[in-house]
Amino acid sequence: GRGLGGARFGWGLVWVGRGLGRGGACRSVPVSPGAGWSCRAVLGEGHQRTVRRVAWSPCGSFLASASFDATTCIWKRQEDGFECVTTLEGHENEVKSVAWAPSGTLLATCSRDKSVWVWEVDEEEEYECVSVLNSHTQDVKHVVWHPNQELLASASYDDTVKLYQEEEDDWVCCATLEGHESTVWSVAFDRSGERLASCSDDKTVRIWRRYEPGNQEGVSCSGNDPTWKCICTLSGYHSRTIYDVSWCHLTGALATACGDDAIRVFEESASSEPHQPTFVLAAHCCCCVGTGTLHCSASVRRTSVEAEPSRKNRPRVSFSRHMSLMARAVLPVSFLE
Amino acid sequence: MAAAAGSDMFDEIVMAEERFHGEGYQEGYAEGSHVGVVEGRRYGSLHGAKIGSEIGCYLGFALTWQCLLQNCTDEKNSKKIKALDSLIGMIQKFPYEDPTYDKLQEDLEKIRGKFKQVCSMLNIQSDFRMGTERSSLTF
């Protein structure tokens, strides 16, 4: 395949500037910077099982890899490659996702053991667990941080999205978003962080908005905590489970990766209202499966979609920071902001 | 008179099956309830003991470490001590005498989470597995 060779199939793909980092089922983490996507490094001997997700730190010097072997490795970029500087242990089984907070001092991991762990890293690059959150009642699939606050969101097999923040020196679950009728696979915040998109096995994407106590729209809140209300449901567009959703922070477009091997891009319509938004399908591309041919192009303004042949029915999607490429992967993706 | 006596007698015969059915049901229900209460009590007792055992274990563990670290005043250890204090506080606040406490499960999960965090900070396996020993501590 073009550029991302070396593994049986991939699980993760991340952008850093014009480079890609990738997690794979072959347990090592190839890192491929450069426009030609040539493999520049293979981070082997870190994990004993599938690497499920990778994430670059905001500063770009560290790569975190979450694995089914229940550990998360932190790799530091050196002149001649990458070195594993720490292994975060504690989860009882498969770690499903890892995410860095925008401040770069916090990291979150989530696992099939139903828990979400929050880790803090100090100036000496020492990692410490600051909280173990057992709010979900089932496998936690994904964690993502708010773009500018220390607010964490998680998506789970228990059909809910939960939000967490630090209150009086301890992390607590401050909101539970109910509404999806099946597993929530992924969540994404919009640029402002006032809205959240979630995608699910129930074939819908839901948009949620935060309402503060005393808001003008009359949305009731309990106590001093804000409430998140579902203000839009995109249904009828996807014929299978939606595995990933990404919200472009430059254009506001929403991209989804679906089990029917298609990528869809939605844009907010001109008549969309802040508290009752409407989205229209702007692009829809299907990819050929299994034969190894690569084709797919769609364009939304200046974005073009590139695709890899799908050998695993779990496509992922993300927008690159420069909007010059949107990678479609068989792989979860993330990007350096 | 004869008609009244006659209708009672026939009534008894005709309604016999239904009456026996009803009586049988009452007897069965009473017996079932009794057996259920006994089983429930046994289950509750076991389950309660399990939770007690688990929390007791966490408490003993935390108190021991609190003791071991009491003379360490450096910053590194202060975070560990704080987490230990928090765990001990949560356990001591846990209402043992009230099985109908509505946040029982929630508080229990918080205690388990805090215990795992403390283990992580102390670099101890939370299931107390040492080396390659197969057995680990479970409740």
Side-chain angles (χ1 to χ4, degrees), chain A residues 48 69-72 74 86-93 95 105-138 140 143 152 154 156 158 160 162 164-176, chain B residues 50-51 54-55 57-58 61-62 65 69 72 74-94 102-139:
Chain A
Q48 275 69 57
D69 68 5
T71 70
T72 303
I74 309 294
T86 312
T87 300
L88 305 176
E89 294 177 337
H91 279 297
E92 290 171 24
N93 45 47
V95 187
T105 56
L106 292 173
L107 187 69
T109 57
C110 66
S111 161
R112 182 167 71 80
D113 69 8
K114 308 173 198 168
S115 67
V116 171
W117 289 49
V118 182
W119 307 81
E120 194 173 57
V121 55
D122 62 20
E123 312 86 41
E124 285 141 40
E125 293 167 25
E126 299 272 319
Y127 290 78
E128 185 174 71
C129 172
V130 294
S131 190
V132 173
L133 297 148
N134 289 324
S135 303
H136 279 296
T137 55
Q138 295 290 350
V140 190
V143 276
L152 181 66
S154 64
S156 165
D158 70 8
T160 67
K162 284 183 185 272
Y164 312 86
Q165 65 192 20
E166 202 174 3
E167 270 171 32
E168 288 167 24
D169 279 344
D170 232 336
W171 284 80
V172 295
C173 172
C174 57
T176 299
Chain B
K50 231 163 98 173
I51 293 178
E54 184 183 355
I55 298 197
C57 179
Y58 297 157
F61 168 83
W65 274 97
L69 294 174
C72 299
D74 56 334
E75 223 223 279
K76 257 263 139 139
N77 284 315
S78 74
K79 284 193 191 165
K80 294 174 187 171
I81 291 169
K82 194 160 168 227
L84 280 165
D85 287 345
S86 176
L87 178 58
I88 292 167
M90 280 175 163
I91 293 172
Q92 286 172 340
K93 263 199 316 192
F94 191 74
D102 59 348
K103 289 199 181 161
L104 194 120
Q105 271 306 120
E106 201 179 302
D107 283 5
L108 199 51
E109 286 296 346
K110 285 195 177 143
I111 289 173
R112 285 175 182 145
K114 184 55 77 175
F115 170 70
K116 289 222 168 115
Q117 184 204 340
V118 166
C119 282
S120 174
M121 291 170 104
L122 294 172
N123 227 334
I124 293 171
Q125 302 266 35
S126 60
D127 58 5
F128 301 145
R129 192 191 301 263
M130 290 182 290
T132 50
E133 266 176 47
R134 299 268 176 99
S135 67
S136 62
L137 187 66
T138 52
F139 301 104

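What you see is a predicted model; the values in this text were computed from it and never measured. Naming: A, B, ... by sequence-line order, numbering from 1 per chain.
- A:Tyr164 and A:Trp171 get closest at one heavy-atom pair: O-CZ3, 3.8 Å.
- In this structure, B:Ile124 and B:Val118 have side chains that are not in contact, with every pair of non-hydrogen atoms separated by 4.5 Å or more.
- Considering only heavy atoms from C-beta on, B:Phe115 stays 4.5 Å or farther from A:Val132 through its side chain.
- One distance of note links OG1 of A:Thr137 with CD of B:Gln105; it measures 11.5 Å at 0.5 Å rounding.
- Annotation: residues 78-89 of chain B contacts chain A through B:Lys79, B:Lys82, B:Ser86 [non-hydrogen atoms, separation under 4.5 Å].
- Here the straight-line distance linking atom CE of B:Met121 with atom NZ of B:Lys76 works out to 9.5 Å at 0.5 Å rounding.
- Between B:Glu54 and B:Tyr58, some side-chain heavy-atom pair lies under the 4.5 Å cut-off.
- A salt bridge links A:Glu92 with B:Lys116: at least one charged nitrogen is closer than 4.0 Å to a carboxylate oxygen.
- Here the CD1 atom belonging to B:Ile91 is positioned 5.5 Å from the CD1 atom belonging to B:Ile111, to the nearest 0.5 angstrom.
- Salt bridge annotation for B:Lys93-B:Asp107: absent, with no cationic side-chain nitrogen under 4.0 angstrom from a carboxylate oxygen.
- The choice from A:Asp169, A:Val172, A:Leu133 that makes the most heavy-atom pairs within less than 4.5 Å of chain B is A:Asp169.
- At a 4.5 Å heavy-atom cutoff, the contact between A:Asp170 and chain B is made by side-chain atoms alone.
- A salt bridge links B:Glu106 with B:Lys110: at least one charged nitrogen is closer than 4.0 Å to a carboxylate oxygen.
- Against chain B, the residues from residues 105-121 of chain A that qualify, each with a non-hydrogen atom under 4.5 angstrom away, are A:Trp117, A:Trp119, A:Glu120 in number order.
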